[in-house]
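Below is one structure; the comments refer to it alone.
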Amino acid sequence: MSTDTTVQSGRLSFLDFYLCDLCPWGELRGFARFIVEFLYFGFKEARACLFAGLFFVSIFLVPKAGLFGLPRYDVLLVIALAIQFFMIWSRLETWDEAKSIGLFHIVGFALEVFKTSGAIGSWSYPDFAYTKLFGVPLFSGFMYAAVGSYIIQAWRLFDLRIHHHPSYWMATLIAIAIYANFFTHHFIGDYRWYIAACAIGLYARTTVTFRPYDHDRKMPLLLAFVLIGFFIWLAENISTFFGIWSYPNQLGAWSTVHIGKWSSWSLLVIMTFTIVAHLKHIKRQIHVPE
């Protein structure tokens, strides 16, 4: 085992050790391999979603009236902070990773403040909370941090390696354009599809190698962005159903979030991925052609 692997395994939980370092089923073939790899893929995905999963379960379980005299949004903030501290305490996240997740929180919260402002009104948080700032509950940034946490955790659990990644300056430029468009499209037009076309061209040759069990598998990185975006869109539908926030067309009665939001979330995943890709220990697993 390499030094990097030894250091890394030192901060793995007991479950992670069995998911990543052991292959108890030995060499498998045919249908048996498919079943084992499928199950391991599912277990690792669930483990990578630990932060997001616990947080969204809290959304379902915390009553609209709140708990112990605290409004619902405040309870969700306490729970999100507790989950984050647990991830660091249990060494499931390093401090460097936690700092990146904190950046996702700040970036997401700034977007929330803009989108919920009186001049824009893209969506709203109707409930009262002591921890609202500029009309936005502080817990909301953790919804964006949860996406970053998932990518960081999946990177280690699946031993991700990126091939033919574009130059970092180009990837960063696209990420900035994606984020800026969330703001500027209210004033100068929505250039989402132009930016998406640029991103497709930039990542067209990029592939991700991952290891569900003991063999490497490969897929286009763009497909991963789209799939993650889809599941975030599903989570958004569930969250609005429980009234955590509401779009203008959901104020009278709930309706599904417009399918166009899927593209927005997929672009946000690209931006999040770019931030994660700048972490030192992750850069070692990214190949950028000369």
Side-chain angles (χ1 to χ4, degrees), residues 49-90 92-153 179 182-183 186 231-251 254 257 261 264-265 268-269 271-272 275-276:
C49 290
L50 180 63
F51 185 101
L54 291 175
F55 185 65
F56 279 101
V57 165
S58 303
I59 288 176
F60 310 147
L61 296 182
V62 175
K64 187 176 178 62
L67 289 172
F68 310 113
L70 277 180
R72 174 168 61 163
Y73 293 161
D74 297 329
V75 175
L76 290 175
L77 175 61
V78 171
I79 291 173
L81 287 170
I83 296 170
Q84 184 63 76
F85 285 132
F86 168 76
M87 298 286 284
I88 297 171
W89 173 81
S90 62
L92 296 176
E93 283 177 359
T94 66
W95 277 107
D96 281 345
E97 292 168 348
K99 290 175 187 176
S100 293
I101 290 170
L103 177 60
F104 300 136
H105 187 288
I106 294 170
V107 167
F109 185 79
L111 181 61
E112 291 283 327
V113 170
F114 175 79
K115 291 287 190 179
T116 58
S117 64
I120 304 301
S122 295
W123 58 81
S124 61
Y125 291 89
D127 295 350
F128 169 79
Y130 295 108
T131 54
K132 268 187 174 181
L133 188 62
F134 304 112
V136 178
L138 291 177
F139 85 86
S140 64
F142 281 103
M143 295 185 289
Y144 298 85
V147 180
S149 177
Y150 163 76
I151 294 176
I152 288 171
Q153 295 294 318
Y179 188 63
F182 286 125
F183 295 86
H186 293 282
F231 284 105
I232 298 174
W233 176 77
L234 287 180
E236 184 179 33
N237 273 280
I238 296 171
S239 298
T240 55
F241 178 79
F242 280 87
I244 300 299
W245 70 89
S246 299
Y247 289 98
N249 66 314
Q250 295 175 323
L251 294 178
W254 181 82
V257 177
K261 293 291 183 180
S264 298
W265 282 116
L268 192 75
V269 170
M271 187 193 79
T272 305
I275 296 174
V276 172

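Excluded from the calculations below are hydrogen atoms, water molecules and symmetry mates; all remaining heavy atoms, backbone and side chain alike, are included.
- Other residues, nucleotides and ligands contribute at most 12 non-hydrogen atoms within 6.0 Å of the CZ atom of Phe85.
- Shown here for Ser149 and Met87, the closest heavy-atom pair between the two residues is OG-CE, 4.1 Å.
- Between Thr116 and Phe134, every side-chain heavy-atom pair lies at or beyond the 4.5 Å cut-off.
- Ring planes of Tyr125 and Tyr73: perpendicular class, angle over 60° (limits at 30 and 60°).
- Under the 4.5 Å side-chain criterion, counting only non-hydrogen atoms from C-beta, Phe139 is not in contact with Ile79.
- Side chain of Tyr144 to backbone of Leu111: no donor-acceptor contact under 3.5 angstrom is found.
- In this structure, Leu138 CG and Leu76 CG are separated by 12.0 Å, a value rounded to the nearest 0.5 Å.
- Interatomic distance, Phe241 CZ to Phe60 CZ, rounded to the nearest 0.5 Å: 10.5 Å.
- Across every non-hydrogen atom of Pro137 and Lys132, the tightest pair is N-CG, 3.7 Å.
- When all heavy atoms of Phe104 and Ala145 are compared, the closest pair comes out as CB-CA, 3.8 Å.
- Classification of the Phe109-His105 ring pair by plane angle, with boundaries at 30° and 60°, yields parallel.
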Extract all donor-acceptor atom pairs below 3.5 Å that involve side chains of residues 52-59 and protein atoms in other chains or at least two apart in sequence.
{"residue": "Ser58", "atom": "OG", "partner": "Leu54", "partner atom": "O", "Å": "2.8"}

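- Across every non-hydrogen atom of Val257 and Asn237, the tightest pair is N-OD1, 2.7 Å.
- Separation of atoms CD1 (Ile232) and OG1 (Thr272) is listed at 7.0 Å; rounding is to 0.5 Å.
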Decide side-chain contact (heavy atoms from CB on, under 4.5 Å) for Val75 and Phe68; before the verdict, give the C-alpha distance in whole Å, the side-chain angles of both, and the deciding distance to 0.1 Å.
CA-CA 9 Å; Val75 175; Phe68 310 113; over 6 Å; no

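- Under the rule for a side chain to side chain contact (heavy atoms under 4.5 Å, CB included), the partners of Phe128 that lie at least two apart in sequence or sit in another chain are Pro71, Tyr130.
- Residues Tyr179 and Val107 come closest through the heavy atom pair OH-O, 2.8 Å.
- Gly148 approaches Ile101 most closely through the heavy-atom pair C-CG1, 4.5 Å.
- In this structure, CD in Glu236 is found 15.0 Å from CZ in Phe231, a value given to the nearest 0.5 Å.
- Here the OG-NZ distance, from Ser124 to Lys115, works out to 14.0 Å after rounding to the nearest 0.5 Å.
- At a threshold of 4.5 Å between non-hydrogen side-chain atoms, the residues Ser117 and Val113 do not count as touching.
- Remark: side-chain polar atoms of Asp74 are not paired, donor with acceptor, to backbone N or O of Ala129 under 3.5 angstrom.
- You'll find the side chain of His186 reaches within 4.5 Å of the side chain of Phe114, heavy atoms only.
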